[in-house]
Each structure stands twice: as structure tokens, then as C-alpha cells.
Amino acid sequence: MVPLSWYILLGVILFVIGAAGVLLRRNILVVLMSLELLLNSVNINFVAFGRIYDDFRGQIFAIFVIAITAAEVAVALGIVVALVRNKSTLKVDDVTMMKG
Amino acid sequence: MGQGFFLLFAAVSVITALTVVLARNPVHCALALMACFLQISAIFVLLEAPLLAVIQIFVYVGAIMVLFLFVIMMIDVREAMSQRFLPGGNLPALVMLVLLGIEMSVLVLWSDRFSVTVPAGGGDEIRQLSTTLFAGYLLPFEAASVILLVALIGAIVLARKEQG
């Protein structure tokens with residue numbers, strides 16, 4: 001069967017790729033998608049550990065993560081639509097309205 | 001057999017995740033992310049969490065990615081497509097990411113507590129899972145539903161056109 005460390009390593013790889021997308025890309029939509037990738041890598045770890053220790057709380061926390069992610073995406077995309085309507089830009093560097 | 005399936009799904013998910021970060025067109029990013037979520041749902045099936053796999057497909061592939069594609073189509077992405085993406089543009093962040101990946105991989109491979117294999121499970125787990133969810137975690141469940149309602153209203157208010 002598959003060792004636990006393989007699942008954890010897959011989570012590590014996806015987490016690093018998602019963090020690279022958040023830190024290196026300049027497009028707001030791609031940054032949001034990379035955030036989804038980060039949360040999914042965490043979900044893999046939750047479910048794998050829950051499976052190893054025969055505990056359902058891993059899956060339950062993964063369900064909560066998915067629900068909160070849905071809320072986050074709805075609000076973030078609303079903000080993106082309002083932003084494009086007001087400033088007509090999609091670059092992260094151009095959004096400096098809250099900068100001092 | 002399980003190892004072969006896991007390696008297949010893991011390889012495809014890593015390749016599609018790299019496509020999400022490296023592709024220039026946001027539509028390609030969204031489609032690659034959809035493929036990645038499907039692979040992760042297959043990995044949930046390997047981990048004997050079929051309910052979570054179905055939720056993953058319904059919520060992520062069915063709802064969130066459709067929302068992303070909808071917003072991408074509402075927004076003009078031609079300017080974003082034309083701009084070049086250089087991986088070496090932000091060198092400190094790149095160095096930090098490489099260090100982070102090396103550190104986590106070394107820690108996982110170093111420890112021998114992660115070498116246990118995932119056991120094969122029995123049936124009737126969804127019943128126990130739902131009992132745990134709706135008995136022990138009822139209050140967080142209701143809080144999540146309230147958060148979803150607030151997000152729904154907030155998205156409508158944010159995306160609405162200004163009056164006058």
C-alpha cells in the first residue's frame with residue numbers, strides 16, 4: 001500500500017507550487033487560483049492523517065475547509081469585479097488604494 | 001496497484017498545478033486547476049474518503065471553477081495575456097520558496113513516523129462520518145452555513161452596480 005510520506009510529499013509539492021503562484025504571479029485571478037491550490041494541499045494532509053489514525057476529524061476539517069473556501073472565493077471574485085469596474089486593472093502591483 | 005494509481009494521480013496533479021502557475025492565459029490556468037482538482041478527488045478515493053471526493057467534484061469543479069470562468073469571461077483578460085511572466089522576477093521570494101520546499105521535504109523524509117502505510121478500510125464509514133459531523137460538530141456546521149450566507153450577500157453587494 002501507499003506510505004503516508006508519499007501523501008505528505010504530494011502535499012508539500014502542491015503547497016510550494018501554490019505559494020510560488022501567490023508570490024510570483026502578478027495577475028489577481030491566478031493568485032486566487034493558487035490560493036485554492038494551497039488549501040487543497042492542506043486538505044490532502046488532513047485526509048491522509050485522518051486515514052492513518054482512523055479518525056474522522058480529518059475528513060470533517062477538510063469539509064469545513066472546502067466550505068470556507070467557497071465563501072472566500074465568492075467574496076474575492078466580487079471584490080475583483082468591483083475592482084475592475086473602478087480601476088480596470090488586474091495586476092496586483094497596481095492595486096494600492098489601501099497603501100499609505 | 002494502489003501505488004501505481006497514486007503515482008499516476010500525483011504526477012498529473014503536479015503537472016497541472018505547474019500549468020496553473022506557468023500558463024499565461026487565465027482561462028488555461030482555470031482549466032488546469034479544474035484538472036488538478038479532479039486528480040485530488042481521485043486521491044481522496046484512494047484514501048477511502050468517497051464522500052469528500054464527491055464534495056470536491058461538486059463544490060470545486062462544479063461551483064468554484066464555474067465562478068472563476070464566469071468572472072474571467074466578464075473581465076477583459078487580453079492585457080493580462082500579453083504581459084510576460086518571468087519566474088526570476090522576484091528573486092527573494094523564489095529563494096524562500098526553494099528553501100521552504102527543501103526544508104519540508106527533508107523533515108518528512110527524515111522522520112520515520114511517516115513511513116507507515118495507509119491501511120485498507122472497511123465499509124460503512126460515511127454513516128459514522130455523518131454521525132460525527134452532525135452530532136459532535138453541529139455548531140461549527142451551522143457557523144459555516146451562516147458564513148456562506150454572509151459571503152453570498154457580500155458578493156451580491158460587492159458586484160452590484162453603483163446607484164446613480
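Residue numbering restarts at 1 for every chain, and letters A, B, ... go by the order of the sequence lines. Reckoned from all heavy atoms, side chains included, excluding hydrogens, waters and symmetry mates.
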(message) Below 4.5 Å, heavy-atom pairs only: which of A:S5, A:A62, A:A19, A:G21 has the largest tally toward chain B?
(response) A:S5

(message) Quick check on B:L7 against chain A: is it the side chain, the backbone, both or neither that has a heavy atom closer than 4.5 Å?
(response) side chain

(message) Counting C-beta onward and ignoring hydrogens, is there a side-chain heavy-atom pair between A:N27 and B:P26 closer than 4.5 Å?
(response) yes

(request) Check A:V31 against A:R25 and note the closest heavy-atom contact, atom names and distance. (result) CG2-O, 3.9 Å

(message) Taking side chain as everything from C-beta outward and backbone as N, CA, C, O, which of these in B:I75 sits under 4.5 Å from a heavy atom of chain A? Side chain, backbone, both or neither.
(response) side chain

(message) Is B:A10 in contact with chain A via its backbone, its side chain, both, or neither, using a 4.5 Å heavy-atom distance?
(response) both

(request) Would you mind checking which part of A:L32 comes under 4.5 Å of any heavy atom in chain B, side chain (CB onward), backbone (N, CA, C, O), both or neither? (result) both

(message) Is A:L14 close to chain B through its backbone or its side chain, or both, or neither, when contacts mean heavy atoms under 4.5 Å?
(response) side chain

(message) Looking at chain A, which one of B:A143, B:P140, B:A155 has the largest number of heavy-atom pairs inside 4.5 Å, strictly under?
(response) B:P140

(request) Please test A:L35 against A:E72 for side-chain contact (heavy atoms from CB on, under 4.5 Å), starting from the C-alpha separation and ending with a verdict. (result) CA-CA 10 Å; A:L35 274 177; A:E72 172 238 327; 4.0 Å; yes

(request) Could you tell me which portion of A:V47 (side chain, backbone, both or neither) has an atom closer than 4.5 angstrom to a non-hydrogen atom of chain B? (result) both

(message) Among A:G58, A:A74, A:G11, A:A76, which residue has the highest count of heavy-atom pairs closer than 4.5 Å to chain B?
(response) A:A74

(message) Quick check on the interface: out of B:L129, B:I43, B:I72, who has the most heavy-atom pairs with chain A under 4.5 Å?
(response) B:L129

(message) Is B:F6 close to chain A through its backbone or its side chain, or both, or neither, when contacts mean heavy atoms under 4.5 Å?
(response) side chain

(request) Give a yes or no on this: more than 12 heavy atoms of other residues, nucleotides or ligands lie within 6.0 Å of atom CZ of B:F141. (result) no

(message) Counting heavy-atom pairs under 4.5 Å with chain B, which one of A:A20, A:A67, A:G18 comes out on top?
(response) A:A20

(message) Out of B:V14, B:L100, B:V20, B:L109, return the one with the most heavy atom pairs under 4.5 angstrom to chain A.
(response) B:V14

(request) Would you mind telling me which of A:L77, A:V73, A:L37, A:I63 has the largest number of heavy-atom pairs within less than 4.5 Å of chain B? (result) A:L77

(message) With chain B as the partner, which of A:L10, A:V22, A:N40 has the greatest number of non-hydrogen pairs under 4.5 Å?
(response) A:N40

(message) If you apply the rule ring-ring contact (aromatic ring centres under 6.0 Å, His included), what do you find for A:Y7 with A:F49, and how did you get there?
(response) CA-CA 9 Å; A:Y7 290 104; A:F49 276 112; over 10 Å; no

(request) Heavy-atom distances under 4.5 Å only: say whether A:I17 touches chain B with side chain, backbone, both or neither. (result) both

(message) Under the criterion side-chain contact (heavy atoms from CB on, under 4.5 Å), I'd like the reasoning laid out for B:L133 against A:F64: C-alpha separation, chi angles, the key distance, then a yes or no.
(response) CA-CA 10 Å; B:L133 179 60; A:F64 283 134; 4.1 Å; yes

(message) Which one wins on heavy-atom pair count under 4.5 Å against chain A: B:I64, B:L51, B:V150?
(response) B:I64

(request) Check each atom of B:L47 against the heavy atoms of chain A and say whether the ones under 4.5 Å are side chain, backbone, both or neither. (result) both

(message) Grouping I, L, V, M, F, W and Y whenever their side-chain heavy atoms are under 4.5 Å apart, do B:M34 and B:V45 come out in a common cluster?
(response) no

(message) Quick check on A:V84 against chain B: is it the side chain, the backbone, both or neither that has a heavy atom closer than 4.5 Å?
(response) side chain

(message) Quick check on the interface: out of B:G154, B:C29, B:S13, B:A93, who has the most heavy-atom pairs with chain A under 4.5 Å?
(response) B:C29

(request) Could you tell me which portion of A:F61 (side chain, backbone, both or neither) has an atom closer than 4.5 angstrom to a non-hydrogen atom of chain B? (result) side chain

(message) Restricting to non-hydrogen atoms, name the atom on A:A70 and the atom on B:L148 that form the minimum distance, rounded to 0.1 Å.
(response) CB-CD2, 4.2 Å

(message) With a 4.5 angstrom heavy-atom cut-off, is it the side chain or the backbone of B:C36 that approaches chain A, or both, or neither?
(response) side chain

(request) Answer with side chain, backbone, both or neither: which region of A:L29 has an atom nearer than 4.5 Å to a non-hydrogen atom of chain B? (result) both

(message) B:F37 and ring pair (Phe, Tyr, Trp, His ring centres under 6.0 Å): which single residue from B:F9, B:Y60, B:F68 fits?
(response) B:Y60

(message) Testing the basics here: between A:A71 and B:I147, what is the closest heavy-atom pair and its distance to 0.1 Å?
(response) CB-CG2, 4.0 Å

(request) Find out whether B:M65 and B:L33 are in side-chain contact, i.e. whether some heavy atom of one side chain is under 4.5 Å from a heavy atom of the other. (result) yes

(message) Check for me, please, whether A:I60 and A:I68 land in the same ILVMFWY cluster - side-chain distances under 4.5 Å, paths through other members count.
(response) no

(message) Under 3.5 Å, is there a donor on one side chain and an acceptor on the other for B:Q56 and A:N43?
(response) no

(request) In sequence, state the C-alpha distance, the side-chain angles, and the governing distance for B:Y137 and A:R57, and then conclude on side-chain contact (heavy atoms from CB on, under 4.5 Å). (result) CA-CA 9 Å; B:Y137 288 84; A:R57 278 175 287 185; 2.9 Å; yes

(request) Please flag which part of B:S111 lies under 4.5 Å from any non-hydrogen atom of chain A: side chain, backbone, both or neither. (result) neither

(message) Using heavy-atom distances under 4.5 Å, tell me whether B:V71 contacts chain A through its side chain, its backbone, both, or neither.
(response) side chain

(request) Check whether A:I13 gets within reach of chain B through its side chain, its backbone, both or neither, counting any heavy atom under 4.5 Å. (result) side chain

(request) Determine the option with the most heavy-atom pairs under 4.5 angstrom with chain A, choosing from B:A49, B:G2, B:S145. (result) B:A49

(request) Identify the residue among A:V16, A:L9, A:I8 that makes a side-chain contact (heavy atoms from CB on, under 4.5 Å) with B:S105. (result) A:L9

